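Structure, as structure tokens:
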Amino acid sequence: MTVEIDRFASVFAADVAPRIAAVLAVSQRPLAVQALTEKAPTAAWKTKPSWGLVATADRAVSPEMQRYGCQRAGRNHDGAAVRVRTGNS
């Protein structure tokens with residue numbers, strides 16, 4: 001999975017300098033199958049302090065999906081989930 005080079009800046013690096021976004025766009029690597037199939041031996045967030053951050057202006061991962069991830073990790077009920085008006089870069 002990659003982002004089309006001509007759409008990369010607007011989707012994935014909207015708040016990054018255009019020159020840097022251009023380098024990032026052409027530096028993408030395809031997603032490795034292991035990233036979706038390999039299981040972690042333990043989930044660090046279960047035993048270590050962690051926080052959730054929801055980037056409300058993210059164009060790659062919707063804020064709703066980010067909130068869902070925070071809720072699944074138990075980071076939405078004790079004030080540990082922070083919402084910031086920014087993109088994902």
Side-chain angles (χ1 to χ4, degrees):
M1 177 175 82
T2 58
V3 179
E4 294 176 20
I5 291 173
D6 61 333
R7 298 189 63 214
F8 187 89
S10 66
V11 171
F12 204 72
D15 51 0
V16 173
R19 187 173 180 175
I20 294 172
V23 171
L24 294 172
V26 299
S27 301
Q28 295 180 84
R29 297 185 64 194
L31 182 64
V33 172
Q34 291 86 352
L36 301 174
T37 59
E38 185 177 9
K39 294 193 181 240
T42 59
W45 56 264
K46 288 185 176 184
T47 59
K48 297 183 182 208
S50 58
W51 297 264
L53 177 68
V54 176
T56 61
D58 194 329
R59 296 179 184 172
V61 179
S62 73
E64 292 78 21
M65 183 61 78
Q66 294 173 59
R67 281 192 289 276
Y68 174 70
C70 289
Q71 289 169 346
R72 285 191 62 205
R75 299 296 165 242
N76 220 20
H77 304 291
D78 60 1
V82 177
R83 288 165 182 79
V84 179
R85 181 156 177 70
T86 187
N88 85 0
S89 42

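Note that the coordinates shown come from a computational prediction; the quantities given were computed from them, not determined experimentally.
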| task | Can you see which heavy atom on Thr56 is nearest to which on Pro63, and at what distance? | result | O-CG, 3.4 Å
| Under 4.5 Å side-chain linkage, directly or through intermediates, the cluster mates of Val23 | none
| request: Check salt bridge (charged side-chain N to carboxylate O under 4.0 Å, His left out) between Glu38 and all other residues, then give those that pass, not counting sequence neighbours. | output: none
| message | Restricting to side chain to side chain contact (heavy atoms under 4.5 Å, CB included), what partner residues turn up for Ala43, sequence neighbours left out? | response | Trp45, Lys46
| query | Of all heavy-atom pairs between Leu53 and Gln66, which one has the smallest distance, and what is that distance? | reply | O-OE1, 3.6 Å
| message | Minimum heavy-atom separation for Val61 and Asp58, please, with both atom names. | response | N-OD1, 3.1 Å
Result block: side-chain N/O donor-acceptor pairs under 3.5 angstrom for residues 1-12, not counting sequence neighbours:
from	atom 1	to	atom 2	distance (Å)
Ser10	OG	Arg7	O	3.1

| said: I need the minimum non-hydrogen distance between Gly52 and Cys70, along with the two atoms involved. | reply: CA-SG, 3.6 Å
